[in-house]
Amino acid sequence: NLHLQYRMNGRIAELANHLTYEGKLECGDDNTRDKVIKLSSGAEGWNRKCFSCEMDRSVVWVDTLRLAMEEKEMGGICNKVEAKVVRSLIRGLVERGVMEEEVGVIAPY
């Protein structure tokens, strides 16, 4: 069982704890717990909170309910507009200096 981790800051680990680890997951050290994203620039409009360097914005929920409808496909469901929103956010992170391999998307489906 995983109890110590060195990949997510404290806010992201709290979410993982709530969803999966029953409160048993801990950050391996203070550096991991306190780490925040470093971006070369901010953003305007709806995605401003998505491109924040504040600890309290480490986990951001993006409501796409009014933008897109799920479509049934063989073996599951698909939401193409939601996928475009995610792709746009990842592109924005990369444009602000984040390496693609450093980006993780958690989609609670």
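These values consider heavy atoms only, across backbone and side chains, with no hydrogens, waters or symmetry-generated copies.
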Hydrophobic cluster identity match, V98 and V105, side-chain contacts under 4.5 Å: yes

Would L39 and V103 show up in the same hydrophobic cluster when neighbours are defined by side-chain heavy atoms closer than 4.5 Å? yes

Please check if the side chain of R96 supplies one atom and the backbone of G42 the other of a donor-acceptor pair under 3.5 Å. yes

Within the 4.5 Å heavy-atom criterion, are L15 and L19 side-chain neighbours or not? yes

Min side-chain heavy-atom separation C27-M8 under 4.5 Å: no

Check whether more than 12 heavy atoms from other residues, nucleotides or ligands sit under 6.0 Å from atom CD of E73, and answer yes or no. yes

Gap between atom CD of E82 and atom CD1 of I77 - 0.5 Å precision: 8.5 Å

Search all heavy atoms of S40 against all heavy atoms of E95 and return the closest pair with its distance. OG-O, 3.9 Å

Do you know which two heavy atoms are closest between M55 and K35, and how far apart they sit? CE-O, 4.0 Å

Using a 4.5 Å cut-off on heavy atoms from C-beta on, say whether the side chain of K38 contacts that of V36. yes

Note: N79 and E70 closest approach over all heavy atoms is ND2-CG, 3.9 Å

Would you say I12 and W61 are hydrophobically clustered, going by side-chain heavy atoms of ILVMFWY under 4.5 Å? yes

Closest non-hydrogen contact found for C50 with V60 is SG-CG1, 3.9 Å

Could you check if a side-chain atom of D29 sits within less than 4.5 angstrom of a side-chain atom of L4, using non-hydrogen atoms only? no

ILVMFWY cluster, M99 and Y6 together (side-chain gap under 4.5 Å): no

Does Q5 use its side chain to pair, donor to acceptor, with the backbone of R7 at less than 3.5 Å? yes

Quick one: closest heavy-atom pair of A43 and F51, and the distance? CB-CD1, 3.4 Å

Separation between CG of L89 and CH2 of W46, rounded to the nearest 0.5 Å: 4.0 Å

Looking at side-chain heavy atoms only, is the closest gap between T32 and N9 below 4.5 Å? no

Do N17 side-chain atoms and L25 backbone N/O form a donor-acceptor pair below 3.5 Å? yes

Just how far is it from atom CZ of R57 to atom CD1 of I37, taken to the nearest 0.5 Å? 14.0 Å

Side-chain heavy-atom pair K80, E71 within 4.5 angstrom cut-off: yes

